[in-house]
Amino acid sequence: MERVNHTLLTEFILTGVPHPPWLRTFLLVFFLLIYILTQLGNLLILITVCADAQLRARPMYIFLGALSIIDMGISTIIVPCLMMNFTPGVKPIPFGGCVAQLYFYHFLGSSQCFLYTTMAYDRYLAICQPLRYPVLMSAKLSTLLVAGAWVAGSIHGAIQAILTFRLPYCGPNQVDYFFCDIPAVLKLACADTTVNELVTFVDIGVVVASCFSLILLSYIYIIRAILRIRTADGRRRAFSTCGAHVTIVTVYYVPCAFIYLRPDSHSVLDGAAALFPTAITPFLNPLIYTLRNQEVKLALKRMIGGQKTRSEI
């Protein structure tokens, strides 16, 4: 049988998010501001947690600092590519760059997923078992849990990248998306992708479903514990400690489930949904956790007040 020669691709072209030409400048400036504010907001939280002895000794803020690092990473991997779509000319991405982008996105994204689950468990211990909380969730254990989330995320990202790019790519090189992600890249493969699509669906489905189920179970116990609190002020304070986490988990999980947990995930709405975990959620995290958290506000005031005092001396 005669063997057909195929020229393998060396680069991809990201088509980006569909938009009317007259909105190009506005969208470029908008996402540039989103990117800058995301980096500054998360960096401020990270510096505050590291600089304040009271915060860095508490597990909740160790998780929050790790979340800030992940948010800055996801934003840096995705948003600059998104902004390039709003500038004139064709902007190809090298094959290796596409591999790296897919790997780091799924590495950081799954690490974030595991971290949200760990944060829910932390809230469960703090509210349902407050007397045993310092023993059950120490700073050392929380650091190990963060490290575990990173390791598990790196393994997940490697599996997805290897499975996706073990296939030959020799045809069209236009990725109908604003970054290199599995559903969009697989459409360009010069081979049957049924196994890849099934493994992706099962692998990501297991990660998302198991993490979300554990979060949901944690909050069932948390709500039951809060409803047993006799005073309205006590219930309000208990709910306020979980409000930020619930908001971010909802904004993160719903778009991810829409994109990856459908048998045929090639909808034009996928791009709009993907903006939430890649650009919107990293931007909202520091706002929600800072505006709703009195301890972070007080730590910021202490840090700013300490700097003023040193400058006056």
Side-chain angles (χ1 to χ4, degrees), residues 38 42-43 45-46 48-50 55-78 100-126 133 136-162 181-182 200 202-219 222 241-242 244-257 259-261 276-278 281-282 284-286 288-289 293 296:
T38 297
N42 283 288
L43 184 61
I45 285 184
L46 185 60
T48 304
V49 171
C50 292
L55 294 188
R56 68 171 180 266
R58 297 181 57 185
M60 176 181 175
Y61 297 102
I62 293 174
F63 298 140
L64 186 56
L67 183 63
S68 294
I69 294 173
I70 291 174
D71 284 335
M72 288 190 289
I74 290 178
S75 179
T76 299
I77 292 164
I78 304 299
Q101 189 178 55
L102 188 145
Y103 165 73
F104 280 107
Y105 173 65
H106 282 274
F107 160 38
L108 293 174
S110 55
S111 297
Q112 189 171 40
C113 193
F114 298 135
L115 191 59
Y116 283 145
T117 307
T118 306
M119 292 171 77
Y121 178 64
D122 173 70
R123 291 299 85 204
Y124 158 75
L125 292 178
Y133 176 75
L136 295 173
M137 184 62 75
S138 63
K140 182 179 179 180
L141 176 59
S142 61
T143 303
L144 290 174
L145 289 172
V146 169
W150 284 85
V151 171
S154 66
I155 294 171
H156 174 81
I159 291 172
Q160 294 301 327
I162 291 169
D181 200 13
I182 298 167
T200 298
V202 172
D203 182 29
I204 295 180
V206 167
V207 171
V208 172
S210 59
C211 289
F212 186 76
S213 298
L214 290 172
I215 291 172
L216 187 61
L217 183 63
S218 297
Y219 275 101
I222 287 171
T241 63
C242 303
H245 185 250
V246 171
T247 302
I248 289 300
V249 164
T250 303
V251 174
Y252 179 80
Y253 274 97
V254 172
C256 286
I259 296 167
Y260 299 108
L261 300 187
F276 282 89
T278 57
T281 303
L284 290 177
N285 271 344
I288 291 173
Y289 279 107
N293 193 304
V296 175

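For this chain, numbers begin at 1 and follow the sequence in order. Computed over heavy atoms, backbone and side chain alike; hydrogens, waters and symmetry mates excluded.
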| Say you draw a straight line from CD1 of Ile62 to OG1 of Thr143; how long is it, rounded to the nearest 0.5 Å? | 4.0 Å

| message | More than 12 heavy atoms of other residues, nucleotides or ligands under 6.0 Å from OH of Tyr103: yes or no? | response | yes

| task | Output, in order, the C-alpha distance, side-chain angles, deciding distance and verdict of side chain to side chain contact (heavy atoms under 4.5 Å, CB included) for Asp181 and Gln101. | result | CA-CA 8 Å; Asp181 200 13; Gln101 189 178 55; over 6 Å; no

| remark: Heavy-atom nearest pair, Ser68 first then Ile45, reads OG-CG2, 3.4 Å

| Residue pair Gln112, Asn285: steps toward the side chain to side chain contact (heavy atoms under 4.5 Å, CB included) verdict | CA-CA 12 Å; Gln112 189 171 40; Asn285 271 344; 3.9 Å; yes

| field | Over 12 non-hydrogen atoms of neighbours within 6.0 angstrom of CZ in Phe114 | value | yes

| query | Taking the six-membered ring for Trp, are the ring centroids of Trp150 and Phe107 within less than 6.0 Å of each other? | reply | yes

| query | Tyr116 and Thr281: which non-hydrogen atoms are nearest, and at how many Å? | reply | OH-CG2, 3.8 Å

| message | For a quick test of reading the model, state the closest non-hydrogen atom pair linking Asp122 to Pro59 and the distance between them. | response | OD1-CB, 3.8 Å

| message | One pair to check against side chain to side chain contact (heavy atoms under 4.5 Å, CB included): Met60 and Leu55. What are the steps and the verdict? | response | CA-CA 8 Å; Met60 176 181 175; Leu55 294 188; over 6 Å; no

| field | Non-hydrogen side-chain atoms of Tyr105 and Thr278 separated by less than 4.5 Å | value | yes

| Arg123 and Tyr219: which non-hydrogen atoms are nearest, and at how many Å? | CG-OH, 4.3 Å

| Exercise: identify the closest heavy-atom pair between Ser75 and Pro282 | CB-CB, 4.5 Å

| query | Atom CD1 of Ile222 and atom CG of Leu125: how far apart are they, to the nearest 0.5 Å? | reply | 9.0 Å

| request: Give a yes or no answer on whether the side chain of Arg56 reaches the backbone of Cys50 with a donor-acceptor pair at less than 3.5 Å. | output: yes

| remark: d(Tyr121 OH, Leu214 CG) to nearest 0.5 Å is 11.0 Å

| Inter-residue atom distance His156.NE2 - Gln160.CD, 0.5 Å rounding | 4.5 Å

| query | When rounded to the nearest 0.5 angstrom, what distance separates OG1 in Thr118 from CG in Leu67? | reply | 11.0 Å

| message | Just verifying a value: how many Å separate Ser154 OG and Ile159 CD1, rounded to the nearest 0.5 Å? | response | 9.5 Å

| message | Which heavy atom of Thr200 sits nearest to which heavy atom of Ile182, and what is that distance? | response | OG1-CG2, 3.7 Å

